[in-house]
Amino acid sequence: ITCHGGDLNGTQMAPALVNIKQHWTRDGLINYLRNPSSYSGDARFDEYRAKYKNIMMPSYGNLDVKDLGKISEYLLTR
């Protein structure tokens with residue numbers, strides 16, 4: 001809620017998460033959540049880094065992959 005907003009439409013801290021299915025598959029999103037820094041070469045993330053300076057997406061590699069799957073499935077329906 002703090003970062004992406006309660007409605008997932010983004011904030012000054014982080015981009016919107018609505019319609020992310022345009023960019024992600026379930027497995028791709030799970031992999032991103034496990035290690036966001038591994039996606040640093042994507043042009044979309046270059047734009048995010050320019051817009052959201054000094055803010056970094058935390059890694060959720062400590063969560064069980066089943067939980068990450070549930071999070072991914074939820075986000076892909078938004």
Minimum heavy-atom separation for Pro36 to Ser59, with atom names?
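Distance-wise, the nearest heavy atoms are CD-CA, 3.7 Å.
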Which atom of Ala14 lies closest to which atom of Cys3, heavy atoms considered
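Result for this residue pair: CB-O, 3.3 Å.
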Here's a test for you: under side chain to side chain contact (heavy atoms under 4.5 Å, CB included), which of Leu17, Asn31, Leu76 qualifies with Trp24?
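Among the candidates, only Leu76 passes.
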In terms of ring plane angle, is the pair Tyr39 and Phe45 parallel, tilted or perpendicular, where the classes change at 30° and 60°?
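Correct class here is tilted.
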Roughly how far, to the nearest 0.5 Å, is the [atom2] atom of [Y] from the [atom1] atom of [X]?
X: Leu68; Y: Asp27; atom1: CG; atom2: CG; answer: 11.5 Å
X: Asn35; Y: Ile30; atom1: CG; atom2: CD1; answer: 14.0 Å
X: Leu29; Y: Leu75; atom1: CG; atom2: CG; answer: 6.0 Å

Exam field: side chain His4 to backbone Pro15, donor-acceptor pair closer than 3.5 Å
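A pair under 3.5 Å: yes.
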Contact check, side chains of Tyr32 and Met57, non-hydrogen atoms, under 4.5 Å:
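Yes, close enough: below the 4.5 Å cut-off.
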Looking at side-chain heavy atoms only, is the closest gap between Leu33 and Leu63 below 4.5 Å?
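With C-beta onward as the side chain, the pair stays apart.
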Not counting sequence neighbours, list each pair that qualifies as a salt bridge (charged side-chain N to carboxylate O under 4.0 Å, His left out) and has a residue in residues 69-78.
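Salt bridge (charged side-chain N to carboxylate O under 4.0 Å, His left out) check on residues 69-78 returns Arg26-Glu73.
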What residue pairs, at least two apart or across chains, pass salt bridge (charged side-chain N to carboxylate O under 4.0 Å, His left out) with a residue in residues 46-60?
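Residue pairs passing salt bridge (charged side-chain N to carboxylate O under 4.0 Å, His left out), neighbours aside: Asp46-Arg49.
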